[in-house]
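Before any comments, here is the structure.
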Amino acid sequence: MSRTTEDSHGTGRNGIGNQPPDGPAAARRGPVVAALMLGMALAALDSTIIATAVPQIVGDLGGFAVFSWLFSGYLLAVTVTLPVYGKLSDTYGRKPILLTGIVLFLIGSLACAGAWNMGSLIAFRVLQGLGGGALQGTVQTIAADLYPMKERPKIQAKLSSVWATSAVAGPALGGLLTTYGDWRWIFLINLPVGALALWLIVRHFHDAHRDRPAAGTRTRVDWPGALAVFAAGGLLLTALVQGGTAWPWLSLPSLLLFAGSALATLATVLIERRAAEPVIPGWVWRRRTISAVNLALGALGLLMVAPTVFLPTYAQAVLGLGPIAAGFVLSVMTLSWPISAAFSSRVYNRIGIRNCALLGIGGAALVLLVFPLLPYPGAAWQPALVMLALGATLGLFQLPLIIGVQSSVGYAERGTATASILFCRQVGQSLGAALFGAVANATLGDRLTHAPAAIRAGLPHDLDGVSRALQHAGTLATGTVDYLRRAVDTTVEHVYLGAAAAAALAFLSVLVLAPRRFPVHPDAHPAPPAETTPDATAAGTTGDAVASEGVAPGDPGPLGDTGRNGGASTPSAS
């Protein structure tokens, strides 16, 4: 029996992951889902809770020139380890990888709380990121293992709600801890949350059945490939994060980092071609379903930089809002996103995953194009309404694609497939920060260069400088304040136009590359073995038709655009 077929009928020690929705697993999923949400909360709260404590951290430890690496170091570690953890979870199972991730994150948190200078804090943040990479990828994979395809929007909506809650509660919690306590508590608070998640996972979660190696054989891990992936991703992301900030784009450090990343990427390809169990298998890019979604979510990461990075600056510099009010303008997007994602199954079950994603990202492009049309200076409710609509459209875009990919592969490939799309989204965010940062600097630089001669002297030279100057607008002449605000307004408008172009790229990736009917693996519709018969399998589609989308012959049919039986072609899904 093939591995793909056998995985589809196996049951775990407690049945979780491979039982039908009304089987014994349904009663036991609650504690596991709670653990997943707690684990996701650790990663989701991380950046938002730290951002409010940066002034206190710098005041205590110093290191203002390098404090941005508190975020960049964590991001690098998470991004470059995602594909490695994805492969390891397919090889050794989800449970040991998730436990390892939580433990590493908690050790990193405890070490951060005891940091004695900025260098040590950055190093411990990287350690946290090594755990965060395992958390993000493995939690998403286990969520797909626990639920059949038709129920996955429920768990994904719950996980999305964790991010939404963290976006709102993180800054407030960080402010409270630093105001009435010490900044070190923002790391110590992770310990009880992580300890509870650990206990729930150890007590209640057991991996689904996996094929065991034949007697006398050993499971081989592609450690050279893992190191090559780590080097290629680390060098590239360092170049993108630091380029144009720590040094000019065309300087020697940038050129060396890009060249080193290119060489490491070449080495990765050569190593992975020879590896028996590659970290990033070739099928990740050969299958249209996965490669299309990888590119589309990479473009999503790109466009997300516009609201998350530049909207708070716009709200404070142009609208004159305080930090809390500016954060609220952005946070409304995180409120509509999970709600839209929760209802997305009703849409893609009627029109198909591909069409649902096209509808969502097409709507997002239109919403992003509305932003430059907002009046100047405008009112706070106007960009907030735009962000509310953006979150609603992106909920229809991202979740169906993730579910489509996870449903197209079996247990033995799901960790790798999930990690690949998360990796591409993270790389897209880093690329977007670099690209849109260059757009913003170029636009603002042009406005400052062509400022009226009467106010040109003494003007700031970059976006951060302009933002700081406008925070003390009372010390500036009236004409100077208005000119700087209009310059920021134009700068952010150009960034949003770039984000709309990224949305168009995502639209084209899905339209041109994604199959019209997403293939569905048997694991997507867990059913008791007695119901899995050759007739039931044949009722889905022909083996050749499914195999053309990268799924083994004999698997159930693809999730298509007709929606006649709930979006799938097998009796078990209807």
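The side-chain heavy atoms of L240 and L76, taken from C-beta on, include no pair separated by under 4.5 Å. In this structure, F205 and R94 have side chains that are in contact, with non-hydrogen atoms separated by less than 4.5 Å. Between L198 and L106, the closest side-chain pair of non-hydrogen atoms falls below 4.5 Å. Residues I290 and V409 are in side-chain contact: their nearest non-hydrogen atoms beyond the backbone lie under 4.5 Å apart. Side-chain atoms of V202 and L99, non-hydrogen and from C-beta on, do get closer than 4.5 Å to each other. Here the side chains of L390 and L368 are in contact, with some heavy-atom distance below 4.5 Å. Residues L321 and V329 meet the side-chain proximity criterion, which asks for heavy atoms closer than 4.5 Å. With a 4.5 Å cut-off on side-chain heavy atoms, L36 and L98 count as touching.
Contact between A77 and L130 at its shortest, heavy atoms only, is CB-N, 3.7 Å. Smallest separation of non-hydrogen atoms from V279 and P83: CG1-O, 3.6 Å. Heavy-atom minimum distance, I102 versus G194: CG2-O, 3.8 Å. V332 and A384 make their closest contact through CG2-O, 3.3 Å (heavy atoms, listed as atom of the first residue, atom of the second, distance). Nearest heavy-atom pair across A306 and A499 is CB-CB, 3.7 Å. L104 approaches G131 most closely through the heavy-atom pair CB-CA, 3.8 Å.
Here F436 pairs with nothing under the ring pair (Phe, Tyr, Trp, His ring centres under 6.0 Å) rule; sequence neighbours left out. R125 is linked by a side-chain hydrogen bond (donor to acceptor under 3.5 Å, both in side chains) to D46, Q128, counting only residues two or more places apart in sequence or in another chain. A search for side chain to side chain contact (heavy atoms under 4.5 Å, CB included) contacts involving C424 returns W285, N294, not counting sequence neighbours. For Q398, the side-chain hydrogen bond (donor to acceptor under 3.5 Å, both in side chains) criterion is met by R425, not counting sequence neighbours. In this structure W381 satisfies the ring pair (Phe, Tyr, Trp, His ring centres under 6.0 Å) test with no other residue, sequence neighbours excluded. For the ring pair (Phe, Tyr, Trp, His ring centres under 6.0 Å) test, no residue two or more places apart in sequence or in another chain qualifies with F397. Residues that satisfy the side-chain hydrogen bond (donor to acceptor under 3.5 Å, both in side chains) test with T418, not counting sequence neighbours, are Q406. Considering only residues two or more places apart in sequence or on other chains, T416 meets the side-chain hydrogen bond (donor to acceptor under 3.5 Å, both in side chains) condition with D90.
The backbone N or O of W337 lies less than 3.5 Å from no partner atom in the side chain of S340, so there is not a single donor-acceptor pair. Q382 places a side-chain N or O within donor-acceptor distance of the main-chain N or O of A379, the cut-off being under 3.5 Å. The closest donor-acceptor contact from the side chain of S420 to the backbone of A417 lies under 3.5 Å. In this structure a side-chain-to-backbone donor-acceptor pair under 3.5 Å is present from S89 to G86. Side-chain atoms of S336 come within 3.5 Å of backbone atoms of L388 as a donor-acceptor pair (strictly under, hydrogens ignored). Side chain of K87 to main chain of I280: no donor-acceptor pair is present (N/O by atom type, distance under 3.5 Å, no hydrogens or angles).
Atom CG of L303 is separated from atom CD1 of I361 by 5.5 Å, given to the nearest 0.5 angstrom. If you take CD1 on I155 and CD on Q140, they are separated by 9.0 Å, rounding to the nearest 0.5 Å. Here Q426 contributes atom CD and T81 contributes atom OG1; the two are 9.5 Å apart, rounded to the nearest 0.5 Å. The distance from the CG atom of L196 to the CG atom of L38 is 5.0 Å, given to the nearest 0.5 Å. Separating the CD1 atom in I353 from the OH atom in Y348 is a distance of 6.0 Å, to the nearest 0.5 Å. Interatomic distance, CG of L45 versus CD1 of I189, reported as 8.0 Å (0.5 Å rounding).
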After noting the C-alpha distance and the side-chain angles of V32 and L146, does the key distance pass the side chain to side chain contact (heavy atoms under 4.5 Å, CB included) rule? CA-CA 9 Å; V32 179; L146 287 177; 3.7 Å; yes
Can you check side chain to side chain contact (heavy atoms under 4.5 Å, CB included) on I402 and L297, steps first, answer last? CA-CA 9 Å; I402 293 177; L297 290 192; 4.0 Å; yes
After noting the C-alpha distance and the side-chain angles of V427 and F423, does the key distance pass the side chain to side chain contact (heavy atoms under 4.5 Å, CB included) rule? CA-CA 6 Å; V427 171; F423 173 76; 3.8 Å; yes
Would you check, one step at a time, whether the test side chain to side chain contact (heavy atoms under 4.5 Å, CB included) holds for V284 with S291? CA-CA 6 Å; V284 168; S291 60; over 6 Å; no
Donor-acceptor pairs under 3.5 Å, side chain of residues 503-515 to any protein atom, not counting sequence neighbours: which ones?
| unit_1 | atom_1 | unit_2 | atom_2 | d |
| --- | --- | --- | --- | --- |
| S509 | OG | L505 | O | 2.9 |

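When each of I421, L394, L401 is checked for a side chain to side chain contact (heavy atoms under 4.5 Å, CB included) with L300, only L394 meets the rule.
In this structure, R287 forms a cation-pi arrangement with W283, its terminal cationic atom sitting closer than 6.0 Å to the ring centre and no more than 45° off the ring axis.
Within the structure, ring-ring contact (aromatic ring centres under 6.0 Å, His included) pairs that include any residue of residues 353-375 comprise Y314-F371, F371-Y496 (at least two apart or interchain). Sorted by first then second residue, the side-chain hydrogen bond (donor to acceptor under 3.5 Å, both in side chains) pairs that include residues 187-197, not counting sequence neighbours, are S109-N190. Sorted by first and then second residue, the side-chain hydrogen bond (donor to acceptor under 3.5 Å, both in side chains) pairs involving residues 295-311 (not counting sequence neighbours) form an empty list.
For F71, the CZ atom is densely surrounded, since the number of other residues' heavy atoms within 6.0 Å is greater than 12.
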